[in-house]
Structures are given as structure tokens and as C-alpha cells.
Amino acid sequence: MLIVMFGMIIPGYILTGISEARLKVGFYNKMCPDAESIVGGFVRSATEFDPRVPAFLLRLHFHDCFVQGCDGSVLIANGPISEKLAPAHQGLKGFDVIEGAKALLELMCPGVVSCADIVAIAARDAVAISSGPIYKVETGRRDGFISNKTLADKMPDFRDSIQLLKHKFFEKGLDDKDLVVLSGAHTIGTTACFFLMDRLYNFSSREGPDPSIDKDLLLELMETCPPNGDINFRLPIDHDSGDTFDIQILENIRNGFAVLQSDAKLMDDPVTKRILDSYFMVTNQSVKPSFEADFVKSMVKMGRIGVKNGPKRGEIRRVCNTFN
């Protein structure tokens, strides 16, 4: 497993990914022992009101960590330069859930729990609520001092080639297996027709659809997202299994049923394809990899990206959308 420490220079690359942050499970046990249960309770209540919440929160954690590290920068509302307004964050939601959980924590333990940690805890609970694996989340992050939409320019993009996707993950200290497994987060949630139009009607330099799409799925997608239809109409990313956390998303990718272009690209590279295949082609249960176990490892690893520690590098915000 690739572990890259903050600031380490590898020939040809400058990596600003996994940090030596003093994160640990149970960081708030003494200072705010009910912190994680408060967040979990709020996430569950929000999900009862809106079943889309788990997908919102899982995506929010990913987008936060991939810009300057897991520091809550995506939550800030500081006018036209706000990071949350970056094109790469289009459609990002769940901010109100994080703010609501923070308000409760400020009543119970004022000035103790960071917004960055709330995002990480909420993502963990989102996975569990969606029938995914239950895991322990590391905490101890502080909130960053910077939020600027230009810093999101290098976010992974659905139009990226597989080589560029691999490079963007590598820059964050994440490897090819992390790319495959974290793409599996698309097992829950929806996407808009806007993100499919080029793939369906003007793929690459040729007119027409992406030839890797299964014919039956192609007809279904074209019916759902016609050329002159509503580009904001949303459909499940995980075909036929969009509400439950499961390995179906990886099977769909292998079989030509990937809805997103970036997911389909995982089959274009021999390494990522081999990783995908390993979850289905190994028959020996004693050595067969577990998607859920690997997803947990990659989530914990992603949660360590660019973590801020100490008052000089970060703060504990009183509200999540404003610097102190």
C-alpha cells in the first residue's frame, strides 16, 4: 500500500497527500464523549426526512479532502471566491446537515469538535445507514483558514482520462486500488443528465455514444436523457442498485453498465481493470478481496489527506460556513 507523507518529494512529483497528522479513533472521548453519537443521530434524522442525505454526505467528504486536505474548506461561504462555488463542486449538497450537527455540538461541547471532523464522521454514518460497512473513524482534524474556488481546479473530473485520474489520486497519496474502491462510493446517489450528454451523443472526437456502454443501458439512458431533454434530471449512478451500498457498482462497471464516464474509464487501464476483476474472478474465499473492507481502508486513508493540526495550522470553527 502506498503511504506518502506530507511534503515528501518523489522524483518527478511533489506529493501533498497523506500527512503525519495526529489523528486517532476516539479523539473526543474525554473532551466531548457524545460527539460521534450526536453527529450520527443528526444524520439519521436528516436521512429520515430526505433519503438522499447519505449520498450527499459521502460525496461532501470526498470533495473536502481533495482540495487542500480534509479541513472543512468546502463548507465556507466567503462570497464569490467560496470554494463551494467551484465548477468541480457543482451539485454538492449536505451543508445544512453538517451545520445542524455542529450547532448541537456547540451546545454540548462549545469550541471542541471541528467541522472537518463532523464531515468525516457524517460520511462514516452515511455509509452505515446505506447498509454499508460500519467502521471507526479517526478524528482530531482542525478547520483550515483558506477557502478559494480556484483551489478546486485539479479535482478529479468525469471527463478525465484514466491516466489523469490515476495521477490526481497519486498526488494525494492514493494509489490505483484507492481509485477503484473510492469510485465504488457511486454505489449510492444520483447524477444529472448534464454529465451524460457528451458520452451519449458526442463521445470523444466521434459523433454518437461511447461504444463501451451496454446496448440495453444505452437505450435506457437515451430515453432518460434525450438530446433536448432536461439536463438537470437525475438518475441513479449505480444502475438498479442506487439506494444500497453494495458491490453492484463494480459489477456494473465491468459489464458495461457504468453510468458515469469516469467509472467506465476504470476498464481502460490494465491495472485498474485487474483490481476490478479481482473482486469477482477469485474463487478462493480465503484470498478473495473484500470490497467493503477495502473501501473502509481507502476511506480512512483519504481522511488523512492534508490534515491540519495545532492552532497555527487550523482552528475549531464556531459555525462551519464562516471562519472564526
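Computed over heavy atoms, backbone and side chain alike; hydrogens, waters and symmetry mates excluded. Here the structure is a predicted model, which means the values were calculated and not measured.
Heavy atoms of other residues, nucleotides or ligands lying less than 6.0 angstrom from CD1 of Ile134 number 12 at most. Few gaps surround CG on Asp157; more than 12 heavy atoms of other groups in view lie less than 6.0 Å from it. The number of heavy-atom neighbours closer than 6.0 Å to NZ of Lys288, taken from other residues, nucleotides and ligands shown, is above 12.
A single hydrophobic cluster is not seen to contain both Ile76 and Ile98; linkage of ILVMFWY side chains at heavy-atom distances under 4.5 Å, directly or through other members, places them apart. Side-chain heavy atoms closer than 4.5 Å link hydrophobic residues (I, L, V, M, F, W, Y) into clusters, and following such links, possibly through other members, connects Leu217 to Met197. Under the 4.5 Å side-chain heavy-atom criterion for ILVMFWY residues, a single connected hydrophobic cluster contains both Val113 and Met108. Residues Phe42 and Val112 share a single hydrophobic cluster, defined by chaining ILVMFWY side chains whose heavy atoms lie under 4.5 Å apart.
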Verify side chain to side chain contact (heavy atoms under 4.5 Å, CB included) between Leu196 and Val259, making sure each step is shown before the conclusion. CA-CA 8 Å; Leu196 305 182; Val259 173; 3.9 Å; yes
Going through the distances and angles, do Val300 and Glu138 end up as a side chain to side chain contact (heavy atoms under 4.5 Å, CB included)? CA-CA 7 Å; Val300 171; Glu138 295 177 334; 3.8 Å; yes
Let me see the working for Leu165 and Thr272 under side chain to side chain contact (heavy atoms under 4.5 Å, CB included), right down to the final yes or no. CA-CA 11 Å; Leu165 286 170; Thr272 52; over 6 Å; no
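Val74 and Phe95 make their closest contact through O-CE2, 3.3 Å (heavy atoms, listed as atom of the first residue, atom of the second, distance). Between Lys168 and Phe66, the shortest heavy-atom contact is O-CE2, 4.2 Å. For the residue pair Leu58 and Ala185, the shortest heavy atom distance occurs at CD2-CB, 3.7 Å. In this structure, Ala88 and Ala152 approach most closely via the heavy-atom pair CB-O, 3.6 Å. Shown here for Phe323 and Ser147, the closest heavy-atom pair between the two residues is CZ-N, 3.8 Å.
Atoms CZ and CD, from Arg317 and Glu99 in turn, are 9.5 Å apart once rounded to the nearest 0.5 Å. To the nearest 0.5 Å, the span separating CD1 on Ile253 from NE2 on His186 amounts to 8.5 Å. Between atom CD of residue Glu220 and atom CG of residue Asp240 there is a gap of 7.0 Å, rounded to the nearest 0.5 Å. Here the straight-line distance linking atom CG of Leu92 with atom CG of Leu60 works out to 5.0 Å at 0.5 Å rounding.
In summary, Asp176 and Lys166 engage in a salt bridge, as defined by a charged side-chain N under 4.0 Å from a carboxylate O. In summary, Lys102 and Glu106 engage in a salt bridge, as defined by a charged side-chain N under 4.0 Å from a carboxylate O. A salt bridge is defined here as a Lys NZ or Arg NE, NH1 or NH2 lying under 4.0 Å from an Asp or Glu carboxylate O, and Asp50 with Arg52 meets this definition.
Without hydrogens or angle criteria, Asp125 side chain to Arg44 main chain gives no donor-acceptor distance under 3.5 Å. At least one donor-acceptor pair under 3.5 Å links the side chain of Arg141 to the backbone N or O of Gly303.
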Just list the side-chain donor-acceptor pairs under 3.5 Å for residues 187-194, sequence neighbours left out, or say none.
| residue | atom | partner | partner atom | Å |
| --- | --- | --- | --- | --- |
| Thr187 | OG1 | Asp238 | OD2 | 3.1 |
| Thr187 | OG1 | Thr244 | O | 3.0 |
| Thr187 | OG1 | Asp246 | N | 3.1 |
| Thr187 | OG1 | Asp246 | O | 3.1 |
| Thr187 | OG1 | Asp246 | OD1 | 3.3 |
| Thr190 | OG1 | Arg234 | NE | 2.8 |

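Ring pair Phe245/Phe291: centre-to-centre distance below 6.0 Å.
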